[in-house]
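Structure first, then comments.
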Amino acid sequence: MCTTPALGVAPSARQAAIGLPAGVSAGIAVFDRQTGTFTEQFNARARFRSASVVKLLIALDHLWDRGPSYPIPDADRARLDVMLRSSDDGAASAFWDRNGGGAIVERMVARLKLADTAPPPADRPGFWGYTALSAADTVRVYRYLLDEAPAPVRDYIMGNLRASTRCGTDGYDQSFGIAAVFDRPWAVKQGWSGFDSNGCTTDTPAPRKQESAPRPAPADGVDLRRPALHTTGTVGAADRTIVAVFTLHAEGTPYGKAYSDLGEVVRRLNVPGGTHTPGGWFGTWGSGVRVRARATTDSAVLTTLPAGVDVLAGCQKRGQTVTVPPYTNDWWAYLPKYGGYITNIYVSSPGDKLPDIPDC
């Protein structure tokens, strides 16, 4: 598999076509299972630190020799569920320590014939998020899951990825990339590392972070310093298309900006079977902006937005008048990806109403 863009397109031209912002590095692979071909490849074999995407390998390794029915003890099931759905770091660390740390990665490299994957650096053996991984190898992992894994393993892992929660247990909004761009059906395993979060409304346990030490300098071609944001998974009926997008951002990049930049790249990709929700994309401003069940400030808070994130507005309606000096506005935008409303005050657009967005 080549490391340059597919379809004979020069790297600089393809970088422009996918909307890769200045200062952002990416590795991209999109595989159409129906035709058996890649529709996108851009630095597909470039190695990134995996962040939480390695939890796919942790789960597969833990389930590997449990046939023929692949029973899962209740305690293990609870940890695997929250690790796969809500990207829980404590659960990942428990399985990592229990099953041999970096040996997990080495076993899965041999089993799946992964070309670019490697355990964390020797001086960071407990940092599973520093596992080296490429977009191409991630496609291989999903192809194994969907086409070769025993049915109980496939159904269990993919079922959890389809039930991905909006908020991770560490307080980050993990509904970016695939989840933000495409209508269901989709399944995702996301990864993030090196950012600060302004919090995500959730009823899951208190935040836990796997990175507790300063990130070291790049090693063995894997950048361990720049903030990383990855979206991986499947899109479309019958998991038609596998998508893997790995990105690195300039140090100090806010989470909301990286979230938005990644979303812009994903929106430009050729993803067969993927359906985009109608509406228009707009920037937002402010921190801790609440998404509410109705167009009023006394209705239930569904979640909070990452600061400065781009949002998809499906329609808009008049609701309660809100004043945030010097602005006053009674228009609210419905965000279909969040299932609720935000006041238009926090949408970066001139005028009270959003242009080209229909009334609800």
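Note that the numbering runs from 1 along the sequence shown for the chain. All values reported here derive from a predicted model rather than from experimental measurement. Reckoned from all heavy atoms, side chains included, excluding hydrogens, waters and symmetry mates.
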Going from CG on L133 to CZ on R49, what distance comes out if it is rounded to the nearest 0.5 angstrom? 13.0 Å

Distance-only, no hydrogens or angles: does the T231 side chain make a donor-acceptor pair with backbone N or O of G177 under 3.5 Å? no

Could you tell me whether a side-chain N or O of R79 sits under 3.5 Å from a main-chain N or O of A91, the two making a donor and an acceptor? no

When rounded to the nearest 0.5 Å, the distance separating CD of Q320 from OH of Y341 is 14.0 Å

Student check: side-chain heavy atoms of W96 and P125 closer than 4.5 Å: no

N/O donor-acceptor pair under 3.5 Å between S50 side chain and V53 backbone: no

Flag, side chain of T241 to backbone of V271, donor-acceptor distance under 3.5 Å: no

If we ignore hydrogens and angles and just use 3.5 Å, is the side chain of D32 paired with the main-chain N or O of P272 as donor and acceptor? no

Taking the six-membered ring of W64, is the NZ or CZ of R107 close enough (under 6.0 Å from the centre) and on axis enough (within 45°)? no

Check the surroundings of atom NZ in K317: do more than 12 heavy atoms from other residues, nucleotides or ligands lie under 6.0 Å from it? no

Quick one: do the T275 and D183 side chains pair a donor with an acceptor below 3.5 Å? no

Looking at T323, is its backbone amide N or carbonyl O close enough to the side chain of T328 to form a donor-acceptor pair, meaning the two atoms are under 3.5 Å apart? no

Can you measure from CD1 (I178) to OG1 (T232) and round to the nearest 0.5 angstrom? 6.0 Å

Show the nearest heavy-atom pair for residues K55 and A92, with the distance to one decimal. CE-CB, 3.7 Å

Report the residue from Y259, F176, F246 that forms a ring pair (Phe, Tyr, Trp, His ring centres under 6.0 Å) with H230. F246

Where do V243 and W186 land on the side chain to side chain contact (heavy atoms under 4.5 Å, CB included) test, with the steps shown first? CA-CA 10 Å; V243 178; W186 48 252; over 6 Å; no

Between CG of L84 and OG1 of T165, what distance do you get to the nearest 0.5 Å? 11.0 Å

Decide whether D76 and H62 meet the rule of one side-chain donor and one side-chain acceptor closer than 3.5 Å. yes

Using 0.5 Å steps for rounding, measure from the CG atom of N329 to the CD1 atom of I345. 5.5 Å

Are the side chain of E40 and the backbone of L269 linked by a donor-acceptor contact shorter than 3.5 Å? no

Working note: V289 + V309, criterion side chain to side chain contact (heavy atoms under 4.5 Å, CB included); need CA distance, chi angles, decisive distance, verdict. CA-CA 10 Å; V289 175; V309 74; over 6 Å; no

Nearest heavy-atom pair of C167 and T303: which atoms, and what distance? SG-OG1, 4.2 Å

Quick one: do D89 and W128 satisfy side chain to side chain contact (heavy atoms under 4.5 Å, CB included)? Show the steps, please. CA-CA 10 Å; D89 289 350; W128 41 259; 3.3 Å; yes

Where the side chain of S260 meets the backbone of D310, is there a donor-acceptor pair that is under 3.5 Å apart? yes

Drop me the distance from Y130's OH to D223's CG, to the nearest 0.5 angstrom. 10.5 Å

Can you name the closest pair of heavy atoms from I157 and A59 and give their distance? CD1-CB, 4.1 Å

Could you tell me whether the side chain of R184 and the main chain of R162 form a donor-acceptor pair under 3.5 Å? yes

Show the numbers, then the answer: is there a salt bridge (charged side-chain N to carboxylate O under 4.0 Å, His left out) between R77 and D81? CA-CA 6 Å; R77 181 180 292 272; D81 286 352; 5.2 Å; no

Looking only at side-chain N and O atoms, does S25 offer a donor or acceptor that is under 3.5 Å from a partner on R226? yes

Just checking, any donor-acceptor pair under 3.5 angstrom between side chains of Y142 and T234? no

Please test Y255 against Y172 for ring-ring contact (aromatic ring centres under 6.0 Å, His included), starting from the C-alpha separation and ending with a verdict. CA-CA 9 Å; Y255 189 62; Y172 284 73; 5.0 Å; yes

Taking the side chain as every heavy atom from C-beta outward, state whether Y334 and Q316 have any atom pair closer than 4.5 Å. no

Under the side chain to side chain donor-acceptor pair (under 3.5 Å) criterion, do S52 and S87 qualify, and how do the steps go? CA-CA 7 Å; S52 288; S87 206; 3.1 Å; yes

With a sphere of 6.0 Å drawn around CG of D359, does it hold more than 12 non-hydrogen atoms of other residues, nucleotides or ligands? yes

Run the salt-bridge test on D116 and R45 with the 4.0 Å N-O cut-off and return the result as yes or no. yes

Where do R166 and L302 land on the side chain to side chain contact (heavy atoms under 4.5 Å, CB included) test, with the steps shown first? CA-CA 10 Å; R166 171 162 297 283; L302 304 180; over 6 Å; no

When you measure from the side chain of S287 to the backbone N and O of A307, does any donor-acceptor pair fall under 3.5 Å? no

Is it the case that atom CZ in R290 sees more than 12 heavy atoms from other parts of the structure closer than 6.0 Å? no

Is it true that the side chains of S86 and D88 contain a donor and an acceptor less than 3.5 Å apart? no

